[in-house]
Amino acid sequence: MAHQILRGQLRSLPANGHTAFLPQIRKVVLEFCQHYPSSRNTRCFISAHLERVARQNPHVEFVIKQRNGHQPIARGFYVNGRDKVIPLHTLEVTGIDRKVQLLLDSSGAKIKPLKGARTVESTSESARGIWSGLHVDAPFTI
């Protein structure tokens with residue numbers, strides 16, 4: 001009886017590692033209102049700075065969407081299927097630039113609280129022992 005080889009098992013999936021980097025963001029959507037005063041800085045960012053950001057990030061699709069009667073938002077879509085939404089109505093142009101950069105740098109994963117996280121504990125003793133300021137020859141002074 002011949003063994004059947006499943007070709008699906010022989011393929012490797014692209015993954016981040018020491019040989020490759022795959023950006024996690026795939027699309028950024030900027031939504032604004034043409035008439036709301038709160039969208040003024042978003043409109044300014046789109047007209048003056050978005051081309052530079054898009055040229056620096058050719059792997060990301062940038063979409064400008066006009067939504068009249070709504071506050072401006074930036075929405076990032078990620079390869080893991082999640083999205084993040086950031087309201088832009090209270091931000092200046094530089095703040096909008098920082099928030100778009102935050103979306104570009106983010107992985108799209110849920111934010112996990114560090115509070116209550118387990119601390120790292122070793123099962124073996126340190127080779128140098130536990131450091132203490134009482135065991136130094138000259139105490140450190142400021």
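A distance of 9.5 Å separates CD1 of Ile46 from CD of Gln66, quoted to the nearest 0.5 Å. Taking OG1 of Thr42 as the start and CD of Glu92 as the end, the distance is 10.5 Å to the nearest 0.5 Å.
The local environment of CD in Glu51 is sparse, with at most 12 non-hydrogen atoms from other residues, nucleotides or ligands closer than 6.0 Å. Atom CZ of Arg52 sits in a crowded spot, with more than 12 heavy atoms from other residues, nucleotides or ligands closer than 6.0 Å. For Lys27, the NZ atom counts as densely surrounded, since its 6.0 Å shell holds more than 12 non-hydrogen atoms of other residues, nucleotides or ligands.
Ser106 meets the side chain to side chain donor-acceptor pair (under 3.5 Å) test with Lys84; sequence neighbours excluded. Every side chain to side chain donor-acceptor pair (under 3.5 Å) that Asp105 has, sequence neighbours left out, goes to Gln101.
For the side chain to side chain contact (heavy atoms under 4.5 Å, CB included) criterion with Val93, the lone passing option out of His49, Arg40, Arg43 is His49.
Counting only heavy atoms from C-beta outward, the side chains of Asn41 and Leu88 never approach each other to under 4.5 Å. Proximity of Phe62 to Val29: side-chain heavy atoms (C-beta onward) are nowhere separated by under 4.5 Å. For the pair Leu91 and Lys99, the minimum side-chain heavy-atom distance is below 4.5 Å.
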Tell me which donor-acceptor pairs under 3.5 Å the side chains of residues 70-78 have, and how far apart each pair is, sequence neighbours excluded?
from: His70; atom 1: ND1; to: Asn68; atom 2: O; distance (Å): 3.4
from: His70; atom 1: NE2; to: Arg67; atom 2: NH2; distance (Å): 3.0
from: Gln71; atom 1: OE1; to: Ser38; atom 2: OG; distance (Å): 2.6
from: Tyr78; atom 1: OH; to: Leu103; atom 2: O; distance (Å): 2.8

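If you chain together hydrophobic residues whose side chains sit under 4.5 Å apart, Ile25 and Ile86 fall into the same group. Hydrophobic clustering, with ILVMFWY side chains joined whenever heavy atoms are under 4.5 angstrom apart, keeps Phe45 apart from Val85. Linking ILVMFWY residues whenever their side-chain heavy atoms come closer than 4.5 Å, directly or via other members, leaves Val63 and Phe32 in distinct clusters. In this structure, Leu102 is a member of the same hydrophobic cluster as Val60, with clusters built from ILVMFWY side-chain heavy atoms closer than 4.5 Å.
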Task: Residues Arg26, Asp83; criterion salt bridge (Lys or Arg N to Asp or Glu O under 4.0 Å); working and verdict - done: CA-CA 10 Å; Arg26 60 179 182 85; Asp83 66 329; over 6 Å; no
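The main-chain N or O of His59 is never found under 3.5 Å from a side-chain atom of Asn57 such that the two would form a donor-acceptor pair.
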